[in-house]
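All remarks here apply to the structure that follows.
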Amino acid sequence: MKIYWDGNAKNIIGPKIKKLRKAANLTQEGLAVALQLEGYAFTSLTILRIENGTRFVPDYEVKQLARYFHVPYEELLD
């Protein structure tokens, strides 16, 4: 797999995840726990890195996050 990266953020969904998390009144730890209870493998460090743009986010995780926040995955990618 070849990953194209412009040297800036490693994902485009970080700011949107942070906004959704704050709107849900969750900490990064709280979001990680909630996702784990849904059966998804996220930690608070994973959430931190996604929000900061220092972690690539695979498509299946984008879908998991979209499902959790009840938004279309396209909204996270737009």
Side-chain angles (χ1 to χ4, degrees):
M1 170 168 82
K2 184 162 177 95
I3 297 175
Y4 296 93
W5 179 39
D6 65 4
N8 295 316
K10 293 182 179 180
N11 69 64
I12 60 173
I13 70 166
K16 293 170 186 150
I17 294 301
K18 186 174 187 174
K19 183 178 178 180
L20 288 167
R21 176 181 63 78
K22 288 187 172 204
N25 201 28
L26 290 169
T27 62
Q28 291 171 339
E29 178 70 28
L31 176 57
V33 169
L35 288 164
Q36 290 169 9
L37 290 172
E38 297 269 330
Y40 303 131
F42 286 87
T43 66
S44 58
L45 183 58
T46 303
I47 302 301
L48 171 69
R49 289 179 174 166
I50 289 171
E51 289 183 359
N52 287 343
T54 58
R55 182 179 181 278
F56 289 105
V57 184
D59 53 1
Y60 64 90
E61 288 183 353
V62 172
K63 289 182 81 174
Q64 291 170 347
L65 288 162
R67 269 190 222 116
Y68 177 79
F69 286 113
H70 305 288
V71 297
Y73 68 88
E74 296 90 349
E75 184 175 317
L76 298 178
L77 298 171
D78 193 21

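When reading the values below, keep in mind they use all heavy atoms of this one structure, side chains included, and skip hydrogens, waters and symmetry mates. Numbers here are sequence positions counted from 1.
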Donor-acceptor pairs under 3.5 Å, side chain of residues 64-73 to any protein atom, not counting sequence neighbours: which ones?
none

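- Among residues two or more places apart in sequence or in another chain, the salt bridge (charged side-chain N to carboxylate O under 4.0 Å, His left out) test is passed with R55 by E61.
- Rounding to the nearest 0.5 Å gives a distance of 7.0 Å between CG of L77 and CD1 of I13.
- Listed by chain and residue number, nothing satisfies the side chain to side chain contact (heavy atoms under 4.5 Å, CB included) test with P15 (two or more places apart in sequence, or in another chain).
- Side-chain atoms of N11 never come within 3.5 Å of backbone atoms of F56 as a donor-acceptor pair (strictly under, hydrogens ignored).
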Enumerate, atom names and distances included, each donor-acceptor pair closer than 3.5 Å involving a side-chain atom of residues 33-45, sequence neighbours excluded.
residue, atom, partner, partner atom, Å
Q36, NE2, F42, O, 2.5
T43, OG1, L45, N, 3.4
T43, OG1, T46, N, 3.1
T43, OG1, T46, OG1, 3.0
S44, OG, E29, OE1, 3.1

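- L76 contributes atom CG, which lies 6.5 Å from atom CG of L20 (distance to the nearest 0.5 angstrom).
- The CG atom of L31 lies 4.0 Å from the CD1 atom of I47; values are rounded to the nearest 0.5 Å.
- The side chain to side chain donor-acceptor pair (under 3.5 Å) analysis of residues 18-27, with sequence neighbours excluded, yields the pairs R21-E51.
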